[in-house]
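This report refers to the structure that appears directly beneath it.
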Amino acid sequence: MRAVHRRYLREFIPAMAGYVGLILGSVYWLKLGHPSGYWRALIALLPVLPIVLVMRAMVRVIRDSDELERRIELEAVAIGAMTVGMVFFGAGLLAGADVIALTGESVAIWVLPALCASYGLAKCWAIRRYR
Amino acid sequence: MKSRLRELREKRGWSQGDLAEQLDVSRQTVNAIETEKYDPSLPLAFRIARVFGQRIETIFLTDDPS
């Protein structure tokens, strides 16, 4: 494993662990019914902080990757983003036609995980392409 | 693009990993260039030429007669 990828794991794993801890803690605390007002908003948004660190780790690894790795990342991000965009657009059309029921909350919550999963699958495909 | 990268590397007894380390790229990138799945940028082609002490056009071969 190249040094740049070792550094990525050193930054990514604690950030993701922080995210998991904060999302579990924040949901649990909010379900207990406290606190209220601005504090409630702050607690609800806490899990976003480690996501910023994940994003920083990703930007740093892409910047320090070689040219083929950057091309693979670009293809994976483009395919992943467009796939998620199309799926959510299709779901929106189906919801508009009353074929399925969607809440704004579920759509907003699932965009990021769907993007991560779609990017991951697209990256596997892109890596195989250059193997 | 066809290249003599594998031939030159093997002549020196280097693995793809050895060459990748000298070029500061991944082993996958060296493999992709050798298998003609990826054409390197000009700066990388120059680095490759420098590592082997040869001119770019003697390593990377084009069908274009011009």
Side-chain angles (χ1 to χ4, degrees), chain A residues 1-17 51-84 113-131, chain B:
Chain A
M1 189 184 287
R2 296 173 70 211
V4 57
H5 295 121
R6 281 198 298 273
R7 186 194 69 202
Y8 171 68
L9 289 179
R10 271 200 314 274
E11 294 175 350
F12 177 82
I13 291 172
M16 275 313 284
I51 294 295
V52 173
L53 294 177
V54 168
M55 202 165 76
R56 176 178 174 269
M58 291 177 83
V59 169
R60 275 161 58 83
V61 76
I62 290 171
R63 280 188 178 158
D64 292 338
S65 292
D66 71 34
E67 55 190 57
L68 176 60
E69 290 170 328
R70 280 203 293 267
R71 176 183 285 203
I72 288 170
E73 291 292 341
L74 177 64
E75 288 181 12
V77 168
I79 294 168
M82 285 310 294
T83 304
V84 169
L115 202 51
C116 292
S118 177
Y119 156 76
L121 290 173
K123 189 168 174 179
C124 290
W125 172 82
I127 287 172
R128 282 175 62 92
R129 205 168 154 244
Y130 292 101
R131 192 165 278 168
Chain B
M1 181 186 286
K2 287 191 191 315
S3 82
R4 296 172 52 230
L5 195 59
R6 173 166 284 162
E7 173 203 327
L8 293 168
R9 174 179 63 76
E10 288 178 346
K11 205 179 274 179
R12 282 161 176 78
W14 295 341
S15 67
Q16 287 184 339
D18 295 334
L19 179 57
E21 205 171 302
Q22 293 186 65
L23 295 169
D24 195 25
V25 297
S26 64
R27 193 196 59 76
Q28 181 190 12
T29 301
V30 170
N31 183 62
I33 296 170
E34 285 187 355
T35 52
E36 298 170 30
K37 288 182 177 160
Y38 176 69
D39 293 336
S41 67
L42 198 53
L44 179 54
F46 270 114
R47 290 214 302 278
I48 292 170
R50 204 174 304 128
V51 163
F52 289 109
Q54 300 205 14
R55 295 163 67 90
I56 287 181
E57 59 267 34
T58 63
I59 300 175
F60 296 99
L61 316 168
T62 174
D63 296 330
D64 184 358
S66 61

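Just the heavy atoms: all of them, side chains too, but no hydrogens, waters or symmetry mates, feed the values below. What you are looking at is a predicted structure, and each value in this text was computed from that prediction instead of being measured. Numbers restart at 1 for each chain; the letters A, B, ... are given by sequence-line order, proteins then strands.
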Rounded to the nearest 0.5 Å, what separates atom CD in Gln16(B) from atom CG in Leu5(B)? 8.5 Å
Are Arg71(A) and Glu67(A) ion-paired here, with the side-chain N under 4.0 Å from a carboxylate O? no
Which bit of Pro40(B) is near chain A, if near means a heavy-atom gap under 4.5 Å: side chain, backbone, both or neither? both
Do Asp64(A) and Arg7(A) meet the salt-bridge criterion of a basic N to acidic O distance under 4.0 Å? yes
Qualifying residue for side chain to side chain contact (heavy atoms under 4.5 Å, CB included) with Leu8(B), from Ile59(B), Thr58(B), Ile48(B), Val51(B): Ile59(B)
Pick whichever of Asn31(B), Asp24(B), Thr35(B), Leu23(B) has the most heavy-atom pairs under 4.5 Å with chain A. Asp24(B)
Would you mind checking which part of Ile72(A) comes under 4.5 Å of any heavy atom in chain B, side chain (CB onward), backbone (N, CA, C, O), both or neither? side chain
